[in-house]
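The structure appears below as structure tokens.
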2 protein chains.
Amino acid sequence: MVDSKDNRQTLIHCALELFSKKGFDGTSTAEIVDAAGVTKPTMYHYFGSKEGLLADVLSIYYGSFLDALAKAVTLPEDIPLTFFRLAKVYFDTAQENVAFFRFRAGLTLRDGEDTAYIAAKKYIAEESRIITDFFDKAAQHIGNIRGKETLCTISFIGTINATISAYLQSGNEALISDETIYRLRQQFLYGIYS
Amino acid sequence: MVDSKDNRQTLIHCALELFSKKGFDGTSTAEIVDAAGVTKPTMYHYFGSKEGLLADVLSIYYGSFLDALAKAVTLPEDIPLTFFRLAKVYFDTAQENVAFFRFRAGLTLRDGEDTAYIAAKKYIAEESRIITDFFDKAAQHIGNIRGKETLCTISFIGTINATISAYLQSGNEALISDETIYRLRQQFLYGIYS
DNA sequence: ACATTTGTATACCGCTCGGTATAATAGAAG
DNA sequence: CTTCTATTATACCGAGCGGTATACAAATGT
């Protein structure tokens with residue numbers, strides 16, 4: 001309508017919004033095109049299928065999220081600062097893009113043959129790889145996490161996700177404040193398994 | 001067939017199995033009754049609707065899980081032992097009932113209007129309440145977690161879930177061993193935010 | 001001015017979905 | 001043997017699903 005050529009972007013945005021609320025299987029193509037103010041052929045023109053739309057949604061939102069994560073670990077020699085930047089990317093992205101993190105939350109711990117999970121699998125693996133790499137490098141400088149890299153990675157992602165999930169449900173921004181990051185950093189880099 | 005009156009139990013079992021693999025919305029009633037070796041009217045005779053079946057699945061499996069959790073915190077004066085029992089319930093249940101924990105994992109961090117999430121909401125809240133109660137009581141005896149009960153609860157559930165999720169994906173039983181519990185206990189009761 | 005490409009709308013399709021009307025069956029009680 | 005109740009099967013339904021054939025409008029290049 002007003003935005004002449006933005007139908008593609010609008011569709012991606014509306015799809016994410018609906019997927020995050022009702023799940024991929026729970027959202028119909030009719031709902032998506034209604035929300036976007038277009039018709040079905042328009043959607044199929046751009047994305048070919050409902051799964052194609054999902055793939056583009058994941059590519060765009062996961063893509064920039066993972067880019068930010070990867071950028072945060074480009075200076076791994078300063079471990080505490082990198083840890084802060086890493087957690088900050090999570091919290092900032094969650095705050096800026098609630099719908100994406102809500103959708104991501106429903107996917108993160110998932111497993112099985114669920115359509116959305118299968119499509120998101122590669123991104124989840126990539127995220128895990130970035131965090132694992134960080135803790136592997138951190139273990140070279142900080143003795144007391146050596147040998148516990150795997151557990152650190154699992155625990156870090158789990159705690160971050162649970163914290164963000166609690167924030168999304170409560171709206172309490174204190175949960176994702178810098179202070180929380182300081183505490184987590186203390187816990188993970190120095191206080192862990194001590 | 002052989003089991004004359006077990007159709008009800010068989011249906012619940014098969015439904016859980018399918019829900020955990022393909023999600024609630026992704027599983028059709030036809031698939032469920034096929035897997036159970038019965039027909040649709042049988043299912044509707046027992047459960048009234050697909051959501052009724054879901055409600056019974058959740059009630060049975062979440063029910064016994066939450067009972068075990070509640071039982072584990074009945075002696076809260078011995079905090080370290082209670083912590084061990086609590087984590088043990090998670091790990092043991094996950095090991096004994098993979099399908100339930102797989103299904104639960106997809107629900108835990110969820111939010112929104114998803115059918116399965118709405119049905120599971122009360123159980124998730126009850127679980128959270130049990131853990132919160134534990135850390136509240138623990139804070140009365142252990143100084144350095146005082147004031148951080150909420151964060152402890154979030155971090156505990158998040159770490160446990162992420163650990164179990166990693167176990168479910170890898171099959172590596174070392175992840176949910178007693179040794180992991182000892183490490184987590186050390187981290188949560190004494191090493192945290194120190 | 002005109003052909004071509006790109007994007008959008010109307011109207012529709014086949015299929016699968018959750019759910020049901022009806023009736024046959026089996027076991028228990030008398 | 002009969003009757004009643006609980007359980008199961010056959011066959012089907014309307015609705016909504018993902019997806020599309022067709023045609024038209026609006027730019028774009030020449």
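First the proteins, then the strands, lettered A, B, ... as listed; each starts at 1.
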TODO: Rounded off to whole Å, could you give me the NE2-to-C1' distance for the B/His45 and C/dA23 pair?
DONE: 15 Å

Task: Between P of C/dG18 and CD1 of B/Ile32, the distance in whole Å - done: 7 Å

Task: DNA chain D: 5'-proximal contact among A/Thr27 and B/Thr42 (nearest heavy atom) - done: B/Thr42

Task: Candidates C/dT10, C/dT20, D/dG19 - which lies nearest the side chain of A/Pro41 - done: C/dT10

Open item on the list: Expressed as a whole number of angstroms, how long is the span from A/Asp25:CG to D/dG16:P?
Closed with: 18 Å

- [ ] Pick out which of B/Tyr117, B/Phe103, B/Phe19 makes a ring-ring contact (aromatic ring centres under 6.0 Å, His included) with B/Phe24.
- [x] B/Phe19

- [ ] Select base, sugar-phosphate, or nothing to describe what A/Thr39 touches, counting heavy atoms under 4.0 Å on all strands.
- [x] base

Task: Other ILVMFWY residues reachable from B/Leu109 by side-chain steps of under 4.5 Å - done: A/Leu109

- [ ] Please state how far atom OH in A/Tyr44 lies from atom P in C/dT10, giving the value in whole angstrom units.
- [x] 18 Å

TODO: Verify the contact: side-chain N or O of B/Ser28 to OP1 or OP2 of C/dC17, cut-off strictly under 4.0 Å; return yes or no.
DONE: yes

Open item on the list: Let's see if you can work this out: which of C/dT8, D/dA9, D/dT7 has an atom nearest to the side-chain heavy atoms of A/Tyr46?
Closed with: C/dT8

Open item on the list: Below the 4.0 Å mark, does C/dG18 have OP1 or OP2 next to a side-chain nitrogen or oxygen of B/Lys50?
Closed with: yes

Open item on the list: I need the NZ-P distance between A/Lys40 and D/dG16, as an integer number of Å.
Closed with: 12 Å

TODO: Could you check how far CG of A/Asn7 sits from P of D/dA26, rounded to whole Å?
DONE: 14 Å

Task: salt_bridge(A/Arg104, A/Glu127) N-O dist < 4.0 Å - done: yes

TODO: Calculate the interatomic distance between A/Met43 atom CE and D/dC17 atom P; express it in whole Å.
DONE: 13 Å

Open item on the list: I'd like to know if A/Glu179 and A/Arg183 make a salt bridge, using a cut-off of under 4.0 Å between side-chain N and carboxylate O.
Closed with: yes

Task: Stepwise salt bridge (charged side-chain N to carboxylate O under 4.0 Å, His left out) check, A/Asp25 with B/Lys22 - done: CA-CA 10 Å; A/Asp25 288 324; B/Lys22 319 178 62 173; over 6 Å; no

TODO: Take the protein atom CZ of B/Phe47 and the nucleotide atom P of C/dG18, then report the distance between them rounded to whole Å.
DONE: 15 Å

